[in-house]
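In what follows, chains are A, B, ... by sequence order, proteins preceding strands, each numbered from 1.
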Amino acid sequence: MQTTASPKRTSSGSGRFLREYGWAYLFILAPVLLFLVFTLYPVASAFVMSFQQYQVMGSTWIGLDNYKHMIGDDVFWKSIRNTVIFTIATVPVNILITFVLAYLIFQMKNKAQTFFKATLYLPAVASGVTISVVWLAIFDPTDSGLLNRFLGLLGIDPVIWLGQSGTALFSLILMNWLGSHGAGIILYLASMGGVPKSLYEAADIDHASGWTKFARITWPLLKPTTLYLLVTGIITSFQVFISVYLMTQGGPNFATTTIAYLIYQTAFQFYEFGLASAQSFVLALLIVIVSVLQFKAFSSDVEY
Amino acid sequence: MARVEFRNVRKEFQDHSKESFTAVAGSDFVINDKEFVVFVGPSGCGKTTSLRMIAGLEHQTSGDILIGDRVVNNLHPKDRDIAMVFQDYALYPHMTIRDNLSFGLKNLKKPKAYIDQKVKEAAAILDMEPMLGRKPRELSGGQRQRVALGRAIVRDPQVFLFDEPLSNLDAKLRVQMRVELSELHKRLGATIVYVTHDQVEAMTLGERIVVMNRGIIQQIANPTELYAKPRNMFVAGFIGSPPMNFIDASIEGGRVVVEGGSFELPAAKLDALSPYAGRKLILGIRPEDIHGEDYAPGLETSPHRMNTHIQVVEHLGSENLLYFHIGGRLVTAKVHPETKAYPGLEKPFIFDMRKAHFFDPDSEQRIEI
C-alpha cells in the first residue's frame with residue numbers, strides 16, 4: 001500500500017502542535033533560561049577558569065597548573081581530612097538522633113506530636129548566624145562559658161574549646177550533633193505514618209517480638225528515607241562553611257579548615273579564582289562519587 | 001483445630017469527644033470445630049471488630065472469648081494460635097514471598113528444614129512455587145491473596161481468620177477465589193471465621209452465617225434457613241439479591257390487602273395472622289417469587305394475581321428485573337426473560353404467596369406462620 005504525505009497536512013499538523021503545546025514550551029522556557037544563565041553558564045565558566053590564571057582583565061591559560069598546585073598543597077589535604085572526619089562523625093550520629101527522636105514523637109498523641117515537631121523544627125528556621133552566636137557563648141573559653149561552667153561544677157578545668165587544635169573540630173561536630181534535626185524528623189514521621197498498621201498486626205500474629213518488628217519491618221521500610229537523609233546529609237556536611245567561618249575561621253593551625261572554607265579563602269581572601277575553581281570541581285566530583293556509591297550500596301526499591 | 005466461643009462479649013470504643021460507641025453489644029455464639037462461619041453485615045455492624053477480638057487485636061470491654069477450651073481474654077495475639085488474612089493482605093513489601101511465608105515460623109525458632117518443608121507444602125497447595133523468589137509488588141492481586149493465605153497455612157493454626165479477603169479483587173477473580181477457599185477448607189479441615197459485607201460470598205462460603213447489624217447479632221443460621229426463614233426485616237432485606245420487597249398490608253376478611261389488590265390466604269396461615277386482623281403488617285416477598293402471568297410455571301392457576309404498571313425494565317440476559325409501585329413502595333420482580341415486559345405496560349403478576357413472609361411493623365420481627 002502506498003501512502004503519500006500531503007505537505008498541506010504536515011504544515012497544518014505542526015501548526016496544530018504549536019497551538020496545542022506552544023504555551024507549555026513558553027512556560028518551560030522561563031525556568032530553563034534562568035538555569036542556563038545563572039547555573040549552567042557559571043559552572044561552565046568556572047570549569048574553564050580552573051585551567052586559567054584568573055585576572056579580571058584577561059586571564060591566562062595555564063593548563064593543569066591549578067590542579068597540580070592543589071595536589072601539592074598540604075592545607076588542601078588537611079581540609080579534605082577535616083571534611084571527611086566531620087562528615088563521618090556527624091552524618092550517622094545525626095541520622096541516629098533524628099530517627100530516635102522521630103520514633104519517640106511517633107508514639108505520642110496528636111497535640112504532643114505537633115508541639116515537638118514545631119519545637120524541634122525551630123532551629124531550621126533560625127539563621128546559621130544566630131545559632132553560631134549562641135554556640136560561641138556556650139564554647140566561651142573563660143569560666144563564664146556555659147559549657148566550662150557546667151564542667152566546673154564537675155570539678156573539670158576550663159577548656160579552650162575553639163582555640164586549640166585538639167578540641168576545635170570536635171566542638172564544631174558537637175554543635176552539629178545538637179543542631180537542627182527538624183526536617184529529618186518530619187520526613188521520618190511521614191514515613192512511619194505511611195507504614196500500614198496491618199503489617200504490625202500481621203507481625204503480632206506472626207510471633208514477632210518488639211525488636212523483630214523494629215528490625216525486620218520498621219527499619220527496612222524506612223530505608224528510602226534513611227538513604228535520602230544520608231545522601232543529603234553527606235552533601236551538606238561536605239559543604240560545611242557557615243559554622244567554620246563564624247566560629248573558627250578554619251583555625252587554629254587549619255584544624256577546622258574544610259574544603260568549602262578553603263575555597264572561600266582561596267577565592268575571596270587570596271583572590272586565586274582559578275585555584276578556587278579547581279578546588280570546587282574536586283569537591284563537586286567527590287560529592288558525585290560518594291553519592292553514586294551510596295545509591296549503589298544502599299538503594300532499595302521498597303514498595304509501601 | 002478448635003471451636004471458638006463468645007460469652008456475652010461487648011466492645012465499646014471512645015471517640016475524640018470521649019463519647020462511647022458500642023461496636024459489639026453482648027455477642028453470644030459458638031463456632032464449632034472445623035466449621036466455616038461467615039460474619040456478614042453492612043459497614044460498621046461490628047463484624048470486623050468481632051474478628052479482631054478473636055485475633056486479640058482488639059480487647060473486649062466485657063465478656064469472655066474462648067478458643068478451644070482456653071479463655072483467651074488476656075492472651076497476646078501470638079499466643080492464641082490463630083492465623084489471619086487481612087483485607088489489604090498485609091504482606092511485608094520488602095521481603096520475598098518465601099520470606100513472607102516463613103516469617104512466622106522463623107520467629108517461632110523452628111528448624112530450617114521444617115520451615116522449608118512447610119513453605120514448600122503451602123506453595124504446592126496454592127500453586128505458587130514459581131513466585132517464591134519474587135517480591136509482593138511483582139504479583140497480581142490474586143497472587144498476593146494466595147500468598148496471604150499461604151502465610152496463614154504454614155502456621156497450622158487452630159483457627160483461620162479472614163477479614164474481607166476478596167474485597168480488593170475484581171468480580172471474576174473473586175468467584176474463582178471463592179471456589180478455591182471452599183476447596184481449601186475441605187482440604188485443611190480447619191475452623192474458619194470469615195468476615196465479609198458481600199451476602200453472595202457469605203451464602204456461597206458459609207456453613208453457618210452470622211448476620212450482624214449495629215453491633216447486634218440478628219440471626220445465626222445456615223444459608224438455606226437464612227434465606228427461607230429470616231428472623232427479621234433486616235435479615236430478610238440483607239440476604240438475597242435483589243433484596244426482598246416489603247409492602248404495607250393488612251388482614252381484612254381473611255385476605256391480605258395491599259394497595260391495588262388483595263390475596264386470599266390458606267386457613268393455616270390466617271390462623272397465625274389472626275392477632276393482626278384489622279392491623280397493619282408488612283408483606284415480604286422476594287423478587288424471584290413474583291412472576292409475569294405469561295411465564296409462571298406451576299402457578300398458572302394461582303389466584304394470587306395483581307395488575308400493575310411496569311415502570312422500568314432491566315435486561316440481565318438470564319433474567320429480567322421489572323420495577324413497579326405498590327402502595328408507594330418500589331417493588332422488584334425477577335422474571336424469566338421470555339416474560340413480555342416494557343415500561344408502561346399494565347399486566348397481571350402472580351405472587352407466590354406460599355413463599356410470602358409477614359413482619360410485625362413495630363418489632364420488624366417475622367411472624368412465624
Face-on cation placement of Lys197(A) at Tyr200(A) ring, 6.0 Å and 45° thresholds: no
Most chain B-contacting option - heavy-atom pairs closer than 4.5 Å, from Ile217(A), Ile205(A), Thr212(A): Ile205(A)
Note: Arg155(B)-Asp206(A) ion pair, threshold 4.0 Å (strictly below): yes
Engaged part of Tyr92(B) at the chain A interface, taking heavy atoms whose separation is under 4.5 Å: both
Chain A contact via Leu91(B) - which portion, at a heavy-atom distance below 4.5 Å: backbone
Which portion of Ile82(B) sits near chain A, non-hydrogen atoms under 4.5 angstrom: both
Cation over ring face, Lys11(B) and Phe13(B), 6.0 Å, 45°: yes
Contact class of Arg52(B) relative to chain A, heavy atoms under 4.5 angstrom: side chain
Per-residue contact mode, Ala148(B) against chain A (heavy atom under 4.5 angstrom): neither
Test: Arg98(B) cationic atom under 6.0 Å from Phe103(B) six-membered ring centre, within 45° of axis: no
Between Gln60(B) and Asn73(B): side-chain donor-acceptor atoms closer than 3.5 Å: yes
